[in-house]
Structure formats: structure tokens, C-alpha cells
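Whatever order the structure lists ligands and atoms in, that order sets their numbers, starting from 1. If you read the sequence from its start, that first residue is 1, and numbering goes on from there.
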Amino acid sequence: MKTKKYCFVLSLLLLTLNLSDSYGKEKFESLIVTDLKSEYATNPLGIDVAPQFSWRLESDQRGVQQDAYRVMVSSTLEKLHSDNGDIWDSGKIDSPTSAGILFDGKDLESRQRYYWKVKVWQGANSVSEWSEPAFFEMGLLNEDDWKTNWIGYAPGMPGRILYFKGTYAPHKPIKQARAYIAGLGYYELFINREKVGDHVLDPAQSNYSERVYYVTYDITDYLRPEANSFVIPVGHGWLGTGRLRLQVEIDYQDNTREILSSDRFRSVITGPTMYSSIFDGEQYDARLDVPHIHEPGVPPLLMNKEWAWAHNTDDPAGKMVAQKIEPIRIVEQITPTLVKEPSPGVYVFDAGRNLAGWAAIKVKGDAGTKVTLRFAETLYDNGFINQDNLRNAKAEDTYILAGTGVETWEPSFTYHGFRYVQVEGFPYPPTPDDITIKVVRSDVKRTGSFHSSNPLLNDINQMVVNTEAANLHSVPTDCPQRDERMGWLNDLTVRIEQAIYNFDFSRFYPKYMDDVHDTQDIHGTVTCVAPFLFGARPADPVSASYLLLAQKCYEFYGDKRIIADHFDGMKAWVDYLYSRTNDGIVEYSYYGDWCPPRDFLMDPNGSGVSRDTPGQLMSTGYLYYCALLLADMAEVIDRAEDVVHYRKLSEEIYDAFNREYWNEEVGGYASNNQASNSFALYLGMADEDKAPRVLTNLVNDVKKHDYHLTTGNLCTKYLLEVLTEHGHAEVAYKIATQTTYPSWGFMLANGATTLWERWEYLTGDAMNSHNHPMMGSVGSWFYKYILGIIPDFNNPGFEQFTIKPYIMKDLTFAEGSFDTIKGTIKVSYQKQGNRLTMDVTVPANTTALMHVPARNLRSVTENGKNISSVNEISFVKEENGYVVLKVGSGDYQFNSRI
Ligand code: BGC
């Protein structure tokens, strides 16, 4: 909503534009529509849904606002250029929205590429040029489009990689070629020895009986006019035995099409990878290399001692779905340092930080020499690697040399979580030059940055980012190293916000929503882990992540479709939880506020269950939270009855929670501990009479523990946020900057580069991961409270947002940025005595509710000017040490007295 003053200024501006052609033109040219995305991707190939569109505006002027837009979609570039939107022309739509715009044109067809462009209006008369064209190409939309079967080789040795092979010689000139491919568990595609694309560990993991992801490749440039070889190694990955479904479509210049189906790729051989397992690693015997595998041709007799003939197999039952998330890629390469030779011939290398990926080696030696690489997060005192906490994962790769000169190798279908690599069997002392660490993860873009005058905060932030990055492998995993690596919904509940400030999840989270949805049964239950490989059904009720994923995708990316698509599923989960209540209290819990410090565990030598925070309190609190989330989301998609129903349900749970857990005598909830009280305050369970007492108890408890937390994975988030928002930001700051146990500083002081699973430093054979994102919610606290960047659910996709930093005594400066769907928000401030200088950037087509820390309005200037004289700013109010201003897009510098 614009203020009157803002509208007046805008009208004046538009008047000027109308009157003066030359000025009008200048203004016209300074508004550029850019960064066009379909399904949150730039020019995607092979999507299978009508896309949602988004774009950004760029301008060198302040106060840029989109008032209307027009999207045009054409079947050819020529038509688009001549403004013929034969597929869709939205016409001029009065709306500031520039994300989550649903395509609403003709039916989209398999394989077709569509071109689109956008123009926008500011005010009635000022219109941008059309954007540069963008495109999206559809994949195979119907099961009928698949003219190829799943093939496999059942007698194939368990654990071995199967290499499927095919040959194709074009008989006329090619216009374009596509490969539609899915190989389970993992595959790669080589054409004429060259790897197609740069994905690793494809396809994205899913519940294969519900959906299987295929990728569309443009392979036109990989093909030669003469015979071409296709080689497709397939590993069992998460599946069991490898299976392949590949369809190659060649469009010739004479407008005919040839489809190469599975029959073309049935020659199969086991090759040099003797064993491959995600947890255990790979064994590769280079003596078994089949050099002629890449030579075009069909093996004699189709089946012989070397080659087998692949059979049709059962399909994995799931529907074929286009893989629409960022692939896993090698995102960084590190030259490690050699740390130790703990015994002769055993060398330990250090990657410098804990990460997920693998090591590539370069080696020369006699045929048959066996080099072993073993991976671990920590070292024993004697310098050898410590793999005790990997439980059943072997995390070991072996390479047997062919003896053919300098050989290079890296695994294909495994990955490890590690900092240290122990190398044995090298024919000579390896140098760091012989080992390259490859960092591997879903290649989602980094979106946030944070830096402050306190190096400890910066180190904690880096530790959080390292941990999140190491746990993105098409599923948000709990850890990357031991025999687990799974998407735990309880951990995710407090992880999403941290993650979404640091990385772009506009595609990853909708995919993961589908994973969760695929676990759901007719009773509405979802499972602890998605895809469901582990844990229990029903999931722990703390798994609000199911709803939060949708809520955050809407809030951060303007993705309304995710709410519409999953509303019934989310509702069924909430209804299920409600069905498990007795007098409004959810009757079950497994983990609750999981893994508080050891002294607060039910059994100090047992699992992570809290002694003092009742599991059912957590379960019931989350049912209340979910009912409210659902009501809010129902409102977004106009489900009025659900709004009323779930608000009402939340009231019932509210009463039950207070009845069951409020302790009038002490003035706190349940055992009056940090977790129970902070969770209750976060949820708004305490009314005006109760809240001050709860808060006092909470602060006193923190002081009693000498400013240390006693919370587990979930309530740590609420503790920091509640203290900050209720007038005790300095207390939260002290907790966050502790260096003694239990704290993030304690982890760092003990050499951590990624977050631990436990607050204790433990390295034994148990639940002792050193790379566990669930403890990283402090990461969102940096963005939300130190930088103060807060989205607005009612103005999703950052149409409007808040900037409200809490200025901590100890910090002389803080700076950071967040790359939103609309553009990059920047915030930086410096303190000198009682003077504050604050620079902010508000992206085009957004408005910030700017909270300038200041005594009063008079003490605030922008670029040396009084606020009242700055056109793009309007005053809202003074509030608790802040001057609140509504600020249009642009760069600003505020000065204030605090
Ligand atoms: C996972 C955790 C999860 C827990 C629940 C563990 O094995 O690693 O992250 O919260 O199980 O029991």
C-alpha cells in the first residue's frame, strides 16, 4: 500500500514523463525487465508442468514499482519478435507481482520449446521495453510419450556397476537431438567418450515406486555424422539393482523424427567398478578397463563371455517426472594438505574443513598396486583417521592400478562426509598434488552473506553454511558421513529458515515437498524420514517442516502453487495429529526437543530424548503451530471454511496446552526450563498475564546457567528468537557468542568446521555426527536479527519486507546481503559512539518497512537530508528505539543517534 505522499510524488513524476518526451524516454529506458525464470530456472529444458514465471526489474532510479505487467508466450521466436503471443498473451495485468505468475495459455505439448517475454508499467504511462526473450522446453508429458522400456541385467553381480552400450549412426542431417534419461540408482551418460552434462549422482533421489526423475539433455552437439557410441554406467545407488530407461529422439532436418529406444542400448558389461555403494565407497580395478567399450559397434553374438544382453525389467512403478531441481555437481576442488604419516606408508591428508564429496587421485605404478582411500571427520591422537562414528558405513574407496603410466581416478556413485583422507598403498609418498578433494552437493545458489565486527559470529555463520552445504544431495540430509544421510523431517523443522537465507531453495524445496507427500498414507500420516528409508510412521509430530516448506516457499519465492498442490496433504497430516489427541494433548512423541546437552537427557548414556521437556508438550505445541500455519495458507488459496476450522482447532489446542502445562505456582510451562518456556512464548501460548513471568523465568534460567543454553535441536531456535524479540537481545547474543560448553563457540574451539549432532565433543561409535545441520538455527538469527531482514507472508516474494536490525552493544558493525527473487537486499551498519550509519539497498519493485535504530525521527537523516524531504521515504511511526519508515527501492544511507 502506498502512502498518500508516495502516490503524490509518483503522479508528479508521471506528469513530468507525459509532458517531456525526452525525459520520458530516459526514464523509460532506465527500467529494464531481466532475469526471466520459468519454474524458478533460467531457460529450463524438459519441464513437465505449466510454468510459474518470475522476473526482476533493474533501474538506476529509486522508487521503482511495477504497477502492471504483460507476459507473452509464443511457439516460435519469430512470432515472439512480431508480438504474436499465439500460446499466451496475458494482456496488461494490473499487479505488482513478478514471481509465481502462473502460465494460463494454451495446452503445452511434449517436447515443444516456448519463447516468452515480459514488459511492465510503472504508473499509467511509463512502460518498459519488452525484456530479452527467454524460453522453456517441455519434456515428455504423457506416459505414452515413452517409447522405451526399463532394462536391466538381473544376473549382474550385486554391487557392480553395469555399463549399458549402444551405437547409432545418423542416416541424414540432424536438426536437433534430445536424450530423456533415467537410470536407477545412479547413472552417467557418455556419447563418444564425452560425458553429457555436468551432473553427478543423478537422478535426484525419490520414492521410486511413486516417481522417478528423468533428465532431458540437448545432445545435438555430441553427435557426429558417423557412428556414435553411447555408454551408460548405472550403479545401484539407493535402489538395489541398476535399471535404465533411455529414450533418444533425433529430429532430422527433413522434419522426420527417429526414436532410439531401449533395444538400442541392451549390450551390457560389468567393467572395472567391482563394487559401488553410497555408504561403503567404490572399488575400481583399472586392469578390468574395457577400452573398446566406447568404440561404436555391437558386440559379436550379442552375448559372449564379455557382454551380456539386458532384459526388460519391471518398471519401478513410479511415474516418470521431469527433474526440476538443480543437479548435484562438483562445486569446488580443494588441494588438501598432508598432515601426517602416522605409520610408514600411511598418509593422512586434510581438506581443511569437513565437507561432502570425494577424492580424485593421480598415480603411477605397477599394475595390481592397490591404493586405498579412507575417509573420516576426526583423527585419533596417534594421527590415524577415526571412523568410529560412521557406524556401518565403510567410507573407503580403492583403486587398483592398470600400470599404464599416469592414471587418474575418482569414484562415480558414492560420496563421503569427511575432512581427512587416509591414503594407503600409494607406490610412493603422495603429495597434495596427487590428491584433489571434490566438493559435491546439489548446486543451489548461495543467496546470503553475513559479516560482523565479531569474528566468532562470522565463524559460526561459516560453520552453519558449511554444514548446510554438505547436506544437500537432492534431499536435505541429516548428515553426509555415516550409514544414514536421510531427510529427517524433525531436524528440518528448524533448519528451513537458516537454509533459505543461505541458499536458493525455490526448486529444491518443492521437490522435497513431493518426497514428503509420497510418504503419506490414507490416514494422513507422513514418515520420520522422506523418502521413507528409515525411522517411523507416523512421523514425530514435531515434523512441522511439511507445512513450513510450503509456507516458506510462498513467503520467500511467491510460490502459491505449492500451497494449492499440497494443501490437502498438509491438512490430512494435521487432521491425523488431531486424531491422536486426548483432551487436546497429542498422545505420542519420539524425539521432541532432541539432543539437549547431556545433563538434560533422559539417559545421559542413551538417546537424545530430553529429560525436562515433555515430548507431548512439543507434539501438542506443533499441532497448534501447524493448525495456524494451515489456516494462514488456507486464506492464501481462498479456502474460507478451512480458515475458520483450523483457527478454531488451534484455540482448542491452545486451551489444552495451557491447561496441561501451565504451572501457576512457578509462572512457567512444564518443568519451567528453557525449552518449554521459549517454545510456549514463540507460539504465543502465554497470555498477557503469563508472558512476563515466563520471560523472567526464562532469562533467569539462562543466567543460572551462566548464559548457556539447555535446549536441543528445536528449542534452541526459539530460545534465541524469543529472547531477542522480547527485549533481551543482549542475553540471546551472550548465548550465541559463548565459547564454553555447550555452545557453538565450544564446537569451534574444538576444531569444528561444521556443526555437531551433540553439544558434546564425542567421537565414538554412536550417534556422534560432526556434520549435522539441525543445530544450526543460529544461522537464521544472524539474518533475522543482526541484519534484520524479515520477509512478509502477506506480501510474499519480498513484495514488501522488513529491515529491523538489533544493535548489539558488542558489535561495531555488521553487514550482509540476501539475494531475493526480486533482487539483492543489502544491509550494513556501523556504530561510532551513539552515532549509527546504516546503508541499505532495497531491490526494484519492493518496499521495505525500514526500522532505523534511532532516538526519534529528528535524529535520523538520509544522505544528509531530513527524512521528510526524501521522496521515496515516508514516515510510519516511532517505536521502541526505532524510527519506522516505508522505503521504496534504491540505495540509501541513514544516519541516526541511538
Ligand atoms: C538423525 C537425526 C534425527 C534423529 C531422530 C538421527 O539418527 O541423524 O538427525 O533427528 O535420528 O531420532
For this session: Keeping the roles fixed (side chain from Q738, backbone from D706), state whether a donor-acceptor pair exists under 3.5 Å.
Result: yes

For this session: Could you name each residue pair satisfying salt bridge (Lys or Arg N to Asp or Glu O under 4.0 Å) that touches residues 581-595, not counting sequence neighbours?
Result: R580-E587

For this session: For the residue pair E377 and N354, confirm or rule out a side-chain donor-acceptor distance under 3.5 Å.
Result: yes

Problem set entry | Y646 and D575: CA distance, side-chain angles, deciding distance, side-chain hydrogen bond (donor to acceptor under 3.5 Å, both in side chains) verdict | CA-CA 10 Å; Y646 288 99; D575 288 349; 2.6 Å; yes

Seminar exercise, completed: Pocket residues around ligand 1 (non-hydrogen, under 4.0 Å) come out as D478, R482, E484, W488, N490, D491, Y591, W594, E757, H772, M774

Problem set entry | Pair Q283-D397, side-chain donor/acceptor within less than 3.5 Å | no

Exercise. Will you find, in the side chains of T754 and T467, an N or O donor that is under 3.5 Å from an N or O acceptor?
Worked result: no

